[in-house]
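One structure is given here, and the rest of the page talks about it.
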Amino acid sequence: MPLFATDPGTGVDIRGKLDKLADLGALLRRHARPSDVVTRYGGEEFAILQPRTPLPVAEAFAERLREAVADYRWTAADPGRVTISAGVE
């Protein structure tokens with residue numbers, strides 16, 4: 001359980017949101033290669049760095065990841081739909 005369970009600004013229960021972020025982080029790490037770096041970049045943003053990866057390989061990875069997130073059975077307190085958007089550069 002997180003140290004806080006409500007958003008201090010709104011008082012809204014955010015446990016489900018935190019659970020989803022943790023689940024998403026674990027899902028990203030499971031799909032990443034050992035050489036990839038998976039990190040939380042902002043509030044709800046993640047970055048995956050793939051050193052020395054050709055563009056077509058990175059694009060295919062992003063699509064597989066999008067599908068994995070769409071198909072994942074979320075177990076968080078808030079079971080709503082989760083989607084991702086990805087940019088490959």
Apply salt bridge (charged side-chain N to carboxylate O under 4.0 Å, His left out) to E44 and list each qualifying residue two or more places apart in sequence or on a separate chain. K17
Can you give me every donor-acceptor pair (side chain of residues 82-89, partner residue at least two apart or in another chain, under 3.5 Å) with its distance?
none

Pairs in or reaching into residues 57-69: which pass side-chain hydrogen bond (donor to acceptor under 3.5 Å, both in side chains), with residues at least two apart or in two chains? E63-R66
Would you say L49 and L24 are hydrophobically clustered, going by side-chain heavy atoms of ILVMFWY under 4.5 Å? no
Under 3.5 Å, is there a donor-acceptor pair between the T53 and R33 side chains? yes
Any non-hydrogen side-chain atom of I48 less than 4.5 Å from a side-chain atom of H31? no
Would you say Q50 and V57 make side-chain contact, with heavy atoms under 4.5 Å? no
Shortest non-hydrogen contact from R30 to Y72? NH2-CE1, 3.7 Å
